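What follows is one structure encoded as structure tokens, with my remarks underneath.
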Amino acid sequence: LTSNVVWERVAAENVFCLVPGADKKLSEELVVVEAFYDSTAWAYDWSPGADEASSVAGLLHLARHFKENPPGRSVLLVATSGHAQGLAGWREFLWAMQAKGKYLRDLERHQRDRLDQAKAVLQALDEETPVTMALPGASGPLAKAMDDELKQESERMAQELTRLRLLGDGNEARIRALTDYRAQIRQLTWGLAPELVSAQQRETLERMLPRIRRAQEAILADAEEQLAALRSSRDMRGMVAVREVAACISLHLSSGGDS
């Protein structure tokens with residue numbers, strides 16, 4: 001019997017519910033009550049969640065109670081995700097509440113720059129002869145992306161050569177081939193004039209283009225995800241407005257075991 005489980009990176013969500021305070025003065029204070037809503041699968045596709053559900057059930061009970069009995073202070077109910085990932089959702093919420101507005105704006109600008117840069121590289125890759133825009137000495141987003149990829153490839157080859165040399169005899173042919181290949185890569189990072197690029201080096205650049213596309217598509221997706229998270233943080237801060245946090249309560253209840 002064998003089992004193979006592959007982890008995937010996904011963006012989870014925190015869920016918020018603001019209950020405005022009924023007391024004119026106390027409503028400017030905010031009490032935050034948190035509970036996590038996700039469970040842990042210790043075996044593939046088997047996540048009973050009975051024990052974990054106790055906390056979020058308590059949070060829902062509070063929501064019903066406050067609907068019928070409005071509190072004096074404002075209450076923010078927060079259902080968080082990523083509990084088994086080091087309280088990721090709760091940490092993200094606390095960070096968003098405490099971060100300076102300028103810092104959040106700077107992060108948004110950085111992510112927009114990443115987004116625009118990735119789009120520019122992908123647009124260049126769609127041109128008829130993209131390798132021409134990636135030759136040493138060229139300027140533009142694709143040339144920079146190619147330079148970064150070449151440096152990473154050189155570093156990967158250096159690590160592989162170190163590994164092979166540590167293994168000892170029997171790898172001489174492979175070592176010679178990788179040494180020659182790394183020398184070609186390094187020459188391309190030195191800013192050769194386009195007319196000095198050999199046919200072999202040009203082929204190497206051609207082989208790099210699909211890697212660059214995959215890397216830029218990943219950057220594009222990540223930047224979009226980060227921007228969405230930052231916008232969500234800004235919206236949440238706008239929802240609580242200028243209320244001062246008086247207390248934070250984290251519910252971590254137990255039903256007595258998984259069943």
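Predicted, not measured: the structure shown is a model, and the values here were computed from it. Values below: every heavy atom of this structure, side chains too, minus hydrogens, waters and symmetry copies.
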Task: Side-chain donor-acceptor contact under 3.5 Å, Arg186 with Ser154 - done: no

Task: Thr179 and Arg182 side chains, donor-acceptor separation under 3.5 Å - done: no

Electrostatic pair [X]-[Y], nearest N-O below 4.0 angstrom:
X      : Y      : result
Arg156 : Glu153 : yes
Glu29  : Arg73  : yes
Arg112 : Asp116 : no
Asp180 : Arg176 : no
Arg211 : Glu149 : yes
Arg9   : Glu225 : yes
Glu160 : Arg163 : yes
Asp235 : Arg231 : no

Open item on the list: Just verifying a value: how many Å separate Gln98 CD and Leu94 CG, rounded to the nearest 0.5 Å?
Closed with: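 Gln98 CD to Leu94 CG: 6.0 Å, rounded to 0.5 Å.
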
Open item on the list: Same cluster or not: Leu188 versus Leu125, using hydrophobic residues (I, L, V, M, F, W, Y) connected whenever any side-chain heavy atoms lie under 4.5 Å apart?
Closed with: yes

TODO: Answer yes if Val197 and Met133 sit in the same cluster of Ile, Leu, Val, Met, Phe, Trp and Tyr residues linked by side chain heavy atoms under 4.5 Å apart, and no otherwise.
DONE: yes

TODO: Step through it carefully: locate the ring centre of Tyr37, locate the ring centre of His83, and say whether they are under 6.0 Å apart.
DONE: no

TODO: Kindly indicate whether the side chain of Val75, heavy atoms from C-beta on, has any atom under 4.5 Å from the side chain of Val33.
DONE: yes

